[in-house]
Amino acid sequence: MIIKTEKGLSRDALRLLLEKLAARLPGCRVIRAAGSLKVSLGAPGKAGGALALVENLPGVASVSLSDLELCPLACARGKKTFRGPFDFSAGPVFIAGPCAVEDERLYLDSAAALKAAGAHGLRAALFKPRSSPYAFQGIGWPGLKIIAKAKKLTGLPLVTEAVDTRQVERLAAVCDVLQIGARNMRNYELLKETAASGLTVLLKRGMRATLREWLLSAEYLFKYGAKKVILCERGDSLNSPGAPLLDLKLLAAAKKLTGLPVLADPSHASRDRRVAAELAVKALKAGADGLLMEASLDPMKARVDGRQTVTVDVFRAIAGKFQCRPRS
Ligand code: PEP
Ligand code: MN
């Protein structure tokens, strides 16, 4: 923690500040420099709580914390290998499927076709968090048997979104990865419950969330029991012409800081299937560890996000370009 002290702070005021720091942060070590104090807190994880204790003290101009201080669990994963339902060491991982599970036959046929086209996992969303309360919200629990059939048919892991803490246990019994959607990246109770399920969690970056906010949400997951976390960049939906659809710099920074796999979602970033296909290639070239992509045999039939859903043929072409070696 670096504390910038106020300009022209008197010796007495500095002494008082050091006394207060020692009282508020027992066990801390302080190194003094001109105009600033470098404070070591002793134990990881203390920094987040310490900030509020320090920033309001007389003589403090500003306090800054590093990502590692604030997110010691999320940022200390650099050397760990990911052992979850996906093998990221063998090249990009492709999770594909329609936005939502709708018609059973179409879903199962799409699942089989996507597997043959190179998918390593299936999108299997039963609950859709929609901006409009009037929009289709997903088929809900009746879809559980459909996705279970798809898993049996293809052998592929299922990725599904939990939008409510009460859904976690039942979804976790059938699925392999629980997705936290962009709207729920800041839903801390949902993060805790999802983490406690023990399943791999796919954490999307919230719209307009900073890298630090995203890392803090990952930190919640690790603190509350998650062992395996996959990050996913999905863009900001700014709708301003010329704005980047996916923040690939932020994706690279998240990868570097955490050592976690980071996917790109070109579908929700672009909202257009042609742009999504281009963006998918761009993201993979920029180092994304894989894609979460909306794809189906018949995007025209979808009740949600059909416009941004690519056909299986388009998906096959993308996956084929980047498939490195066969997986076990
Ligand atoms: C999704 O992937 O199904 C989804 C709803 O995306 P997002 O949370 O990024 O909007
Ligand atoms: Mn969608």
Side-chain angles (χ1 to χ4, degrees), residues 93-103 106-107 110-111 114 119 121-133 135-140 143 147 150 157-164 167 171 175-187 190-191 194 200-209 213-214 217-218 221 229-239 244-248 250-251 254 262-273 275-277 279-280 283 288 290-296 298-311 315:
V93 165
F94 300 116
I95 302 166
C99 177
V101 178
E102 298 183 42
D103 173 73
L106 179 56
Y107 184 74
S110 294
L114 286 166
L122 294 174
R123 286 182 54 95
L126 305 181
F127 299 98
K128 297 306 303 172
R130 305 301 305 282
S131 301
S132 164
F136 171 58
Q137 309 277 316
I139 63 171
I147 58 175
L158 301 176
V159 180
T160 201
E161 178 165 354
V163 298
D164 187 308
Q167 295 164 352
L171 289 173
C175 300
D176 303 273
V177 175
L178 292 176
Q179 177 175 326
I180 299 286
R183 288 161 189 78
N184 276 315
M185 188 208 80
R186 299 178 180 92
N187 182 340
L190 184 60
L191 291 174
T194 306
T200 299
V201 183
L202 189 156
L203 175 66
K204 287 199 158 186
R205 182 171 71 86
M207 290 167 241
R208 304 187 191 202
E213 287 175 295
W214 196 15
S217 291
L221 293 174
V229 173
I230 301 167
L231 299 175
C232 180
E233 159 60 9
R234 55 85 75 211
D236 288 316
S237 290
L238 284 173
N239 282 334
L245 299 171
L246 281 173
D247 195 332
L248 295 173
L250 206 137
L251 182 151
V262 188
L263 303 179
D265 173 349
S267 313
H268 293 91
S270 65
R271 305 204 43 71
D272 176 295
R273 73 174 65 87
V275 184
L279 208 50
L291 301 173
L292 176 70
M293 186 154 200
E294 291 179 341
S296 95
D298 195 350
M300 303 313 269
K301 286 220 176 93
R303 284 174 74 187
V304 49
D305 287 352
R307 192 180 166 81
Q308 68 198 33
T309 301
V310 297
T311 60
F315 171 75

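Every number for a ligand or one of its atoms is a count from 1 in the order of the listing. Keep in mind that the numbers below use all heavy atoms, side chains included, and drop hydrogens, waters and symmetry copies.
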> Among all residues two or more places apart in sequence or in another chain, which pass the side-chain contact (heavy atoms from CB on, under 4.5 Å) test with Pro129?
Replying inline: Glu161, Val163, Arg183
>> Could you check whether any side-chain heavy atom of Leu246 comes within less than 4.5 Å of a side-chain heavy atom of Leu251, counting everything from C-beta outward?
In response: no
>> Please give me the protein atoms (N, O or S only) lying under 2.8 Å from the Mn ion (ligand 2), ordered by chain and number.
In response: Cys99 SG, His268 NE2, Glu294 OE2, Asp305 OD2
Identify all pairs of nitrogen or oxygen atoms, one from ligand 1 and one from the protein, separated by less than 3.5 Å, and list them with distances.
residue  : atom   : partner : partner atom : Å
ligand 1 : 2 (O)  : Arg123  : NH1          : 3.0
ligand 1 : 2 (O)  : Gln179  : NE2          : 3.0
ligand 1 : 2 (O)  : Lys204  : NZ           : 2.7
ligand 1 : 3 (O)  : Arg123  : NH2          : 2.7
ligand 1 : 3 (O)  : Lys128  : NZ           : 2.6
ligand 1 : 6 (O)  : Lys204  : NZ           : 2.9
ligand 1 : 8 (O)  : Ala182  : N            : 2.8
ligand 1 : 9 (O)  : Lys204  : NZ           : 2.8
ligand 1 : 9 (O)  : Arg234  : NE           : 2.6
ligand 1 : 9 (O)  : Arg234  : NH2          : 3.4
ligand 1 : 10 (O) : Arg183  : NH1          : 3.0
ligand 1 : 10 (O) : Arg234  : NH2          : 2.8

> Will you find, in the side chains of Gln167 and Asp164, an N or O donor that is under 3.5 Å from an N or O acceptor?
Replying inline: no
> If you take all heavy atoms of Ile147 and Cys175, which pair is closest and at what distance?
Replying inline: CD1-SG, 3.7 Å
>> Strictly distance-based, threshold 3.5 Å: is any side-chain N or O of Glu233 a donor or acceptor partner for the main-chain N or O of Asp247?
In response: yes
> Does Lys301 pair with Asp103 as a salt bridge, N-O distance under 4.0 Å?
Replying inline: no
> Short question: side chain of Arg123, backbone of Leu292 - any donor-acceptor pair under 3.5 Å?
Replying inline: no
>> For Thr311, give me all partners under side-chain contact (heavy atoms from CB on, under 4.5 Å), at least two apart in sequence or on another chain.
In response: Pro299, Asp313, Val314
> Do Ser237 and His268 have side chains that get closer than 4.5 Å, going by heavy atoms?
Replying inline: no
